[in-house]
Visitor: 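Quick one: structure below, then a few questions.
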Amino acid sequence: KAGVTQTPRYLIKTRGQQVTLSCSPISGHRSVSWYQQTPGQGLQFLFEYFSETQRNKGNFPGRFSGRQFSNSRSEMNVSTLELGDSALYLCASSRGTAEAFFGQGTRLTVV
Amino acid sequence: QKEVEQNSGPLSVPEGAIASLNCTYSDRVSQSFFWYRQYSGKSPELIMSIYSNGDKEDGRFTAQLNKASQYVSLLIRDSQPSDSATYLCAVPRGGSNYKLTFGKGTLLTVNP
């Protein structure tokens, strides 16, 4: 059974640009959550989608947005990138319970 | 009080010993608790979930939950060098099971 797939694995962007990250959940999982991991702040919740609707949102600025498609695949977008957005972005999928399974992550570097 | 607190470590144990990792949480209504293992440069991997007071065993891993004390722990018996990783405690918050709050993690090193 395939796990959570995130693309791309690595990205380098310039300040002010925008970026889109993609996540394909485990087959049958309808909840997709996004997290940001940095050495200083650890793992922080960004938002969660279920059946194409955002159900939960963390304390991040509006530059961070996401969406979910009818096949449960999800994308997150960060606009007007700042140096502080450099982080590992993790996607997790769940099926009916709180057990969340993470993808390999996208390492974003903003220069 | 932080929502989820863990001993920052690092924790160093000899091979074959028992490693004890601790976590406290602030939200009294939390009903489920998770332990993740994260190797350096990798993503978190779910290794244990616990929902009821008491102990839950899975191989060399035992999770212990005490809701009255708002405390959850992870014991690793017969520790192996391959257990060397950061262990993250996670608790759903805000009434939603899908919004996990993570502790900062405890770095465990098992010395051969």
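Letters A, B, ... are given to chains in the order of the sequence lines, protein chains preceding strands, and every chain is numbered from 1.
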Visitor: Tell me, side chain or backbone of Leu43(A) under 4.5 Å from chain B's heavy atoms, or both, or neither?
Guide: both

Visitor: Among residues 101-111 of chain A, which residues come closer than 4.5 Å to chain B, judged by heavy atom distances?
Guide: Phe101(A), Phe102(A), Gly103(A), Gln104(A)

Visitor: Is a donor on one side and an acceptor on the other found under 3.5 Å between the side chain of Tyr49(A) and the backbone of Gly66(A)?
Guide: yes

Visitor: Any ion pair linking Arg60(B) and Asp83(B) (charged N to carboxylate O, less than 4.0 Å)?
Guide: yes

Visitor: Side chain of Gln68(A), backbone of Glu52(A): donor and acceptor closer than 3.5 Å?
Guide: yes

Visitor: Is the ring centre of Phe47(A) less than 6.0 Å from the ring centre of Phe64(A)?
Guide: no

Visitor: Aromatic contact between Phe33(B) and Tyr25(B), with the criterion being ring centroids under 6.0 Å apart: yes or no?
Guide: yes

Visitor: Let me know if Glu45(B) has heavy atoms under 4.5 Å from chain A in its side chain, its backbone, both or neither.
Guide: neither

Visitor: Any donor and acceptor pair, going by atom type alone, linking the side chain of Glu48(A) with main-chain N or O of Ser31(A) inside 3.5 Å?
Guide: no

Visitor: Establish, yes or no, whether a centroid distance under 6.0 Å links the rings of Phe102(B) and Tyr36(B).
Guide: yes

Visitor: Select one option (side chain, backbone, both, neither) describing which atoms of Phe50(A) are under 4.5 Å from chain B's heavy atoms.
Guide: neither

Visitor: Rounded to the nearest 0.5 Å, how far apart are CD of Gln44(A) and CG of Asn59(A)?
Guide: 8.5 Å

Visitor: Please classify the contact of Gln37(A) with chain B as side chain, backbone, both or neither, using a heavy-atom distance under 4.5 Å.
Guide: side chain

